[in-house]
Amino acid sequence: MDYEHNSWIWEGVNYYPRVFGGLMVTAALLGLSTSYFGGIGVPYLSLPCSWSNLGIFHKKKSGKRRIRVYMDGCFDLMHYGHANALRQAKALGDELVVGLVSDEEIVANKGPPVLSMSERLALVSGLKWVDEVITDAPYAITEQFLDRLFHEYKIDYVIHGDDPCLLPDGTDAYAAAKKAGRYKQIKRTEGVSSTDIVGRILSSLRDEKSGEDHNGSEVKPQEENPSQASHIAQFLPTSRRIVQFSNGKGPGPNARIVYIDGAFDLFHAGHVEILKKARELGDFLLVGIHSDETVSEHRGNHYPIMHLHERSLSVLASRYVDEVIIGSPWEITKDMITTFNISLVVHGTVAEKSLNCELDPYEVPKSMGIFRLLESPKDITTATVAQRIMANHEAYVKRNAKKSRSEQRYYEEKQHVSGD
């Protein structure tokens, strides 16, 4: 609201409060247009929100304590399902505190993590819904840790999805929070999990290796690579989901728009850091997400691991991203630069190598003098993440088999209940 242009109104409030208050009530009852009062928000339903910054309702607002909610997890191989869970958790309160389970706890309860603590921290803290992160959180919420959450971190509620979270002894990891009456549940995002993604990576790398080794002597049998293909197919992108992840705001009339593109497959800490660096160069960050066909053409048939809409949601969840182009072209044209009013095109120094180097996709912005190469803060790539999984192939196969059996029971029980 522009207070300077409505100075006569505020003077009236100060000197003639009763008269002006009567006008407000009359206007609200008659349903007059807000244009009569310079857009100050007369309708009675919007008065508390529109006038809260004027000090009239300041005492009441300051007296209301903000609700703090807590959600924990490993957040290994961060995907849009994780992001959607945190989005739902944030909606249940005013401030979201995330507990990041330590590497040691993950090893003890699930198996070896793919990403390090620092990488997982970059991913979680880079999400637009996260306000605070507690590192080295325990896998099980004990009464002792729960007491710490309530008193030290002022947590009101502990949040978790409607999928089971069992400790190695079979007990509920959130039993203490439920017993205390401070537990709330959100809906699990169907169609994706870290188990699915590990299965996809193992499957794609097996197919790649199979193409190189026609004898197939080192290829593992299908049953040793449990991939939840049926659950992957359940993800159906909707406009509502995209809106939920989007900022919903366009660039201002004189905004400096920065553009960066890529596959953004297996969204990782390297992506987060380069997006943060790109955003610092302007007022609005526009990100181009290459189509599945484009990624396959330039990276190989076994890529992308995540399909276009999954990758788009992962990028949209970043606090540094304002808008995305879903299925952006490989080559940046002058028409594209003009259409989106792009001021600067950037690209990181660390990126996957293209199999097709005939054309420079940045030739046009370079000729226009609006291209800049950014030093990538991290050297992690989608390929290196996949290589980590292959290096610990046996461990991840066992981890996936165990988790897959647990998830299978969950889906069967859920289907049985819905069938009743």
Nearest 0.5 Å please: distance from the [atom1] atom of [X] over to the [atom2] atom of [Y].
X      : Y      : atom1 : atom2 : result
Phe284 : Arg279 : CZ    : CZ    : 8.5 Å
Gln244 : Leu316 : CD    : CG    : 11.5 Å
Arg87  : Ile186 : CZ    : CD1   : 9.0 Å
Leu285 : Lys277 : CG    : NZ    : 14.0 Å
Arg241 : Leu313 : CZ    : CG    : 7.5 Å
Phe340 : Ile332 : CZ    : CD1   : 11.5 Å

* Asked: Going through the distances and angles, do Phe267 and His79 end up as a side-chain contact (heavy atoms from CB on, under 4.5 Å)?
  -> CA-CA 7 Å; Phe267 198 71; His79 50 71; over 6 Å; no
Between [X] and [Y], does at least one N-O distance fall below 4.0 Å, as a salt bridge requires?
X      : Y      : value
Lys90  : Asp131 : yes
Arg68  : Glu132 : yes
Lys154 : Glu95  : no

Between [X] and [Y], is there a donor-acceptor pair closer than 3.5 Å when you use the side chain of the first and the backbone of the second?
X      : Y      : value
Ser314 : Glu310 : yes
Ser312 : Leu308 : yes
Ser296 : Glu293 : no
Arg256 : Leu344 : no
Thr384 : Ile380 : no
Thr339 : Asp335 : yes
Asp162 : Lys187 : no
Thr381 : Ala351 : no

Determine whether [X] and [Y] make a side-chain contact, defined as any pair of heavy atoms from C-beta on separated by less than 4.5 Å.
X      : Y      : answer
Ile389 : Leu77  : yes
His347 : Phe371 : yes
Ser343 : Ile370 : no
Ser354 : Arg299 : yes
Ser318 : Phe264 : no
Asn247 : Glu323 : no
Phe75  : Leu115 : no
Val114 : Glu119 : no

Evaluate whether atom [atom1] of [X] has more than 12 neighbouring non-hydrogen atoms of other residues, nucleotides or ligands under 6.0 angstrom away.
X      : atom1 : answer
Glu152 : CD    : yes
Arg182 : CZ    : yes
Lys366 : NZ    : yes
Asp379 : CG    : no

Geometric class of the [Y]/[X] ring pair [parallel <30°, tilted 30-60°, perpendicular >60°]:
X      : Y      : answer
Phe245 : Trp129 : perpendicular
His307 : His309 : perpendicular
Tyr174 : His160 : parallel

* To do: With salt bridge (Lys or Arg N to Asp or Glu O under 4.0 Å) as the test, would you mind laying out the steps for Arg65 and Asp156 before giving the verdict?
  => CA-CA 11 Å; Arg65 191 175 68 82; Asp156 294 283; 2.3 Å; yes
* **Audit row: Asp265, Glu352, side-chain contact (heavy atoms from CB on, under 4.5 Å) steps and yes/no** => CA-CA 10 Å; Asp265 198 13; Glu352 305 284 355; over 6 Å; no
* Show the numbers, then the answer: is there a side-chain contact (heavy atoms from CB on, under 4.5 Å) between Lys249 and Asp322? => CA-CA 7 Å; Lys249 298 179 181 178; Asp322 295 291; over 6 Å; no
Which atom names give the shortest non-hydrogen contact between [X] and [Y], and what distance separates them?
X      : Y      : result
Tyr303 : Ala386 : OH-CB, 4.4 Å
Lys334 : Val364 : N-CG1, 3.7 Å
Arg120 : Ser102 : NH2-C, 3.9 Å
Ala137 : Glu105 : O-CG, 4.3 Å
His290 : Ala263 : ND1-N, 4.0 Å
Lys378 : Ala269 : CD-CB, 3.7 Å

* Could you go step by step and tell me if Arg319 and Val130 meet the side-chain contact (heavy atoms from CB on, under 4.5 Å) rule? -> CA-CA 9 Å; Arg319 66 170 72 250; Val130 177; 4.2 Å; yes
* Tell me, with the steps shown, if Arg311 and Asp292 meet salt bridge (Lys or Arg N to Asp or Glu O under 4.0 Å). => CA-CA 10 Å; Arg311 293 183 283 117; Asp292 295 344; 2.7 Å; yes
